[in-house]
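All values derive from a computational prediction rather than experimental measurement.
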Amino acid sequence: MADQKDTIINSLNAAQAYPLANITKTRPQFGAVTPRWLTKLLEFKGLESGIYRVNRVVEGETPLDVLCSQTKKSDIIPDGYIQYETEPREYRLNSISTILNVNTAVQDVYSSPYDQTGEQLALAIESLRERQESQLINNDDYGLLKNVPDKQRIASRTGAPTPDDLDELISKVWKEPSFFLAHPRAIAAFERECTRRGVPPVTANIAGGTFILWRGIPLIPTNKLLVDGLKEPEGEGGKTNILLLRTGEARRGVIGLYQAGLKDERSRGLAVRFRGIDDKGVASYLLSLYCSAAILADDAIAVLEDVEVGEYHDYD
């Protein structure tokens, strides 16, 4: 009997068959894309002219005196008026823009099964939306972190985010709080502290996602609340912040802003305009996104600062 090693299979092999085979392909996979829960859960208001003025009443213990007595001590009903701020803050939309170039020859020849221009535009829009969420949190003018009032800022007691810390945040935003916002590493650190204390948080499905709850309030993850200035920190430790928001205009909360009725609007506040084809056959598209955010009342937001994400415990 011939040695099995010397046996030759006289048939078409895989390498020879490969050129005739159809390959099932995916669309371009953009690893930097996140769920962007903040922009999904935040209420947005469309503007007519890119300016939003927040008119506030002057705060006071008793904004208007009233007569409230079963037996009238006086026949005179107090009179007065509610004072408004004389110089209310105005928010102006910021633009996030980029120019996308597509070689028309490539578009003509290599657009099956996926349209090259469509895929390029889709990825560019995802990139702008990612930047939008980052700006909503970190922008030097309207970013949420920069606009938390001093009285609404608290520091972590022990470094790691504890149930006590989040309770303190709730005491700052106690009027219908909507959700916590934190880096995934900060949420994991909070879960470890809950496990250590024997009070693991429950979970709930909200807007298509599963989130842990603390006191019935969901902890929403975003990598735009940076850890030591990074979206994806490499080491185990690092410092970050945790926000608590009340959202919605009717609740005097935090709202997002965008320009309504844009020409060539592709999605909320985002326009895609064809700029033409140059003499080298390159088509050009201008993508512009207009956004901002407003905090309608001081107690609509609070922040837990200097949160350490690298605390681990031995449970043995």
Side-chain angles (χ1 to χ4, degrees), residues 27-28 30 32-55 88-102 115 117-148 178-179 181 206-209 220-226 231 243 245-276 283-297 300-301:
R27 295 182 182 278
F30 195 21
V33 173
T34 68
R36 299 192 294 273
W37 292 112
L38 174 60
T39 54
K40 291 179 181 178
L41 298 176
L42 200 62
E43 178 183 303
F44 277 82
K45 184 176 183 63
L47 308 184
E48 295 180 3
S49 59
I51 302 174
Y52 185 72
R53 179 182 296 153
V54 178
N55 288 309
R89 178 170 179 178
E90 292 184 348
Y91 294 84
R92 297 176 183 269
L93 294 181
N94 281 22
S95 65
I96 303 172
S97 302
T98 191
I99 293 175
L100 176 68
N101 296 323
V102 179
D115 177 75
T117 299
E119 295 301 323
Q120 284 285 300
L121 285 172
L123 294 177
I125 290 172
E126 290 284 357
S127 180
L128 261 65
R129 289 298 186 192
E130 287 290 320
R131 180 61 65 88
Q132 176 191 20
E133 184 173 74
S134 179
Q135 290 297 296
L136 287 172
I137 295 171
N138 300 301
N139 185 275
D140 287 334
D141 176 34
Y142 62 84
L144 300 182
L145 274 179
K146 304 291 184 180
N147 286 279
V148 177
S178 301
F179 55 84
L181 193 67
I206 301 171
I220 304 300
T222 175
N223 64 351
K224 314 307 187 302
L225 270 169
L226 308 178
K231 291 182 181 179
L243 290 167
L245 312 178
R246 178 177 70 248
T247 62
E249 189 175 35
R251 298 194 294 175
R252 298 174 299 282
V254 178
I255 62 171
L257 307 172
Y258 72 98
Q259 181 62 37
L262 286 172
K263 183 181 179 181
D264 302 314
E265 185 176 63
R266 182 62 64 94
S267 59
R268 183 181 63 203
L270 187 149
V272 177
R273 296 186 175 92
F274 177 59
R275 300 174 69 239
S284 179
Y285 299 84
L286 173 64
L287 288 75
S288 300
L289 189 156
Y290 300 91
C291 66
S292 187
I295 301 172
L296 303 186
I301 189 169

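The heavy-atom pair separating Ala207 from Leu41 by the smallest distance is CB-CD2, 4.0 Å. The minimum heavy-atom distance linking Ser95 with Tyr290 is given by the pair CB-CE2, 3.6 Å. Between Arg53 and Pro88 the shortest heavy-atom distance is CD-CG, 3.6 Å. Scanning both residues, Ser292 and Leu136, for their nearest heavy atoms gives O-CD2, 3.5 Å. Contact detail for Asn223 and Lys231: the closest heavy-atom pair is O-CG, 3.4 Å. When all heavy atoms of Val148 and Leu144 are compared, the closest pair comes out as CG2-O, 3.2 Å.
Phe274 is linked by a ring-ring contact (aromatic ring centres under 6.0 Å, His included) to Tyr285, counting only residues two or more places apart in sequence or in another chain. Considering only residues two or more places apart in sequence or on other chains, Arg275 meets the side chain to side chain donor-acceptor pair (under 3.5 Å) condition with Ser284. Residues passing the salt bridge (Lys or Arg N to Asp or Glu O under 4.0 Å) test with Lys146 are Asp140, sequence neighbours excluded. Applying the side-chain contact (heavy atoms from CB on, under 4.5 Å) rule to Asn139 yields the partners Asn94, Gln135, Asp141, Tyr142; only residues at least two apart in sequence or on another chain are considered.
The side-chain heavy atoms of Leu270 and Val272, taken from C-beta on, include a pair separated by under 4.5 Å. Side chains of Leu100 and Val102 form a contact here, defined as non-hydrogen atoms less than 4.5 Å apart. Side-chain contact between Ile220 and Thr222 is absent, with no heavy atoms from C-beta onward closer than 4.5 Å. Put simply, the side chain of Tyr91 does not reach to within 4.5 Å of the side chain of Ile51, judged on heavy atoms.
Among pairs with a residue in residues 121-135, those fulfilling salt bridge (charged side-chain N to carboxylate O under 4.0 Å, His left out) read Arg36-Glu126, Arg36-Glu130, Glu130-Lys224, Glu133-Lys224, at least two apart in sequence or across chains.
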Which donor-acceptor pairs under 3.5 Å do side chains of residues 252-263 form with protein atoms, sequence neighbours excluded?
unit_1, atom_1, unit_2, atom_2, d
Gln259, OE1, Gly50, N, 3.0
Gln259, NE2, Leu47, O, 3.2
Gln259, NE2, Glu48, O, 3.0

Evaluate Ile96 against Cys291 for side-chain contact (heavy atoms from CB on, under 4.5 Å), listing each step before the verdict. CA-CA 8 Å; Ile96 303 172; Cys291 66; 3.9 Å; yes

Ile137 and Leu181: CA distance, side-chain angles, deciding distance, side-chain contact (heavy atoms from CB on, under 4.5 Å) verdict: CA-CA 10 Å; Ile137 295 171; Leu181 193 67; 3.9 Å; yes

Could you give me the CA-CA distance, side-chain angles and deciding distance for Arg89 and Asn147, then say whether side-chain hydrogen bond (donor to acceptor under 3.5 Å, both in side chains) is met? CA-CA 12 Å; Arg89 178 170 179 178; Asn147 286 279; 2.7 Å; yes

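In summary, Arg92 and Glu90 engage in a salt bridge, as defined by a charged side-chain N under 4.0 Å from a carboxylate O.
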